[in-house]
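Here is the structure we will look at.
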Amino acid sequence: MKIEHLGIAVKSLGLSDDLFSKLLGKPSYKQERVEREGVVTSFYQVSDSKIELLEASKEESPISKFIEKKGEGIHHIAFGVDDIFFEIQRLKKEGFQFISEEPKDGADNKIVVFLHPKSTNGVLVELCQEKP
């Protein structure tokens with residue numbers, strides 16, 4: 001496993017893109033809309049890892065609810081894995097709970113699954129694998 005990216009919930013992708021472009025000294029390499037999750041994302045490469053900015057595109061999206069409860073900030077940590085199906089089974093045997101055990105399409109050409117924060121010390125953990 002490696003840290004693939006950190007997801008940061010933001011109110012305004014435009015303002016946050018401007019801030020992170022200045023902070024990192026380079027523009028976002030990709031923006032993408034994920035309709036099923038109700039988000040628009042923007043990615044920045046930082047060495048071997050990435051930063052993913054997430055703006056809600058629907059009021060009922062998880063990001064909208066997160067910002068309403070906690071405000072802007074770190075939303076999740078994503079670990080890149082070679083075999084997401086193996087990792088799901090391995091982690092289930094270790095007692096971890098999943099929000100959904102079935103991987104789904106995510107942003108940046110990935111399939112993803114989320115572990116429930118109740119089983120990860122309050123941190124939303126994403127496993128992601130490059131689409132085959």
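No experiment lies behind these values; they were computed from the predicted model shown. Quick note: residue numbers are just sequence positions, from 1.
For residues 36-60, every residue pair satisfying the salt bridge (charged side-chain N to carboxylate O under 4.0 Å, His left out) rule, not counting sequence neighbours, is listed here: E4-K50, E37-K104, K50-D108.
The aromatic rings of H76 and F114 lie perpendicular to each other, with more than 60° between the two planes, well past the 30° mark. Ring-plane geometry between H75 and F66 is classed as perpendicular, the angle between the planes exceeding 60 degrees on a 0 to 90 degree scale with a lower cut at 30.
No single ILVMFWY cluster, assembled from side-chain heavy atoms under 4.5 Å apart, contains both L13 and L15. One hydrophobic cluster holds both V46 and L19 under the rule that ILVMFWY side chains link at heavy-atom gaps under 4.5 Å. Note on L115: it does not cluster hydrophobically with V112, by side-chain heavy-atom contacts below 4.5 Å among ILVMFWY residues. Linking Ile, Leu, Val, Met, Phe, Trp and Tyr whenever their side-chain heavy atoms come within less than 4.5 Å leaves V39 and I111 in two separate clusters. Under a hydrophobic clustering in which Ile, Leu, Val, Met, Phe, Trp and Tyr are joined whenever their side-chain heavy atoms come within less than 4.5 Å, directly or via other members, I88 and I77 fall into the same cluster.
By the salt bridge (charged side-chain N to carboxylate O under 4.0 Å, His left out) test, D83 is found to be paired with no residue, residues two or more places apart in sequence or in another chain being considered.
S21 and Y44 are linked by a side-chain donor-acceptor pair at a separation below 3.5 angstrom, with hydrogens and angles left out of the test.
Atoms NZ and CD1, on K11 and I63 in that order, are 13.5 Å from each other to the nearest 0.5 Å.
Looking at S28, its side chain does come within 3.5 Å of a backbone N or O of F43 through a donor-acceptor pair.
Using a 4.0 Å cut-off between a side-chain N of Lys or Arg and a carboxylate O of Asp or Glu, K131 and D105 qualify as a salt bridge.
The minimum heavy-atom distance between S119 and Q97, with the atom names listed, is OG-N, 3.1 Å.
Applying the 6.0 Å contact sphere to CD of E35 captures more than 12 heavy atoms from other residues, nucleotides or ligands.
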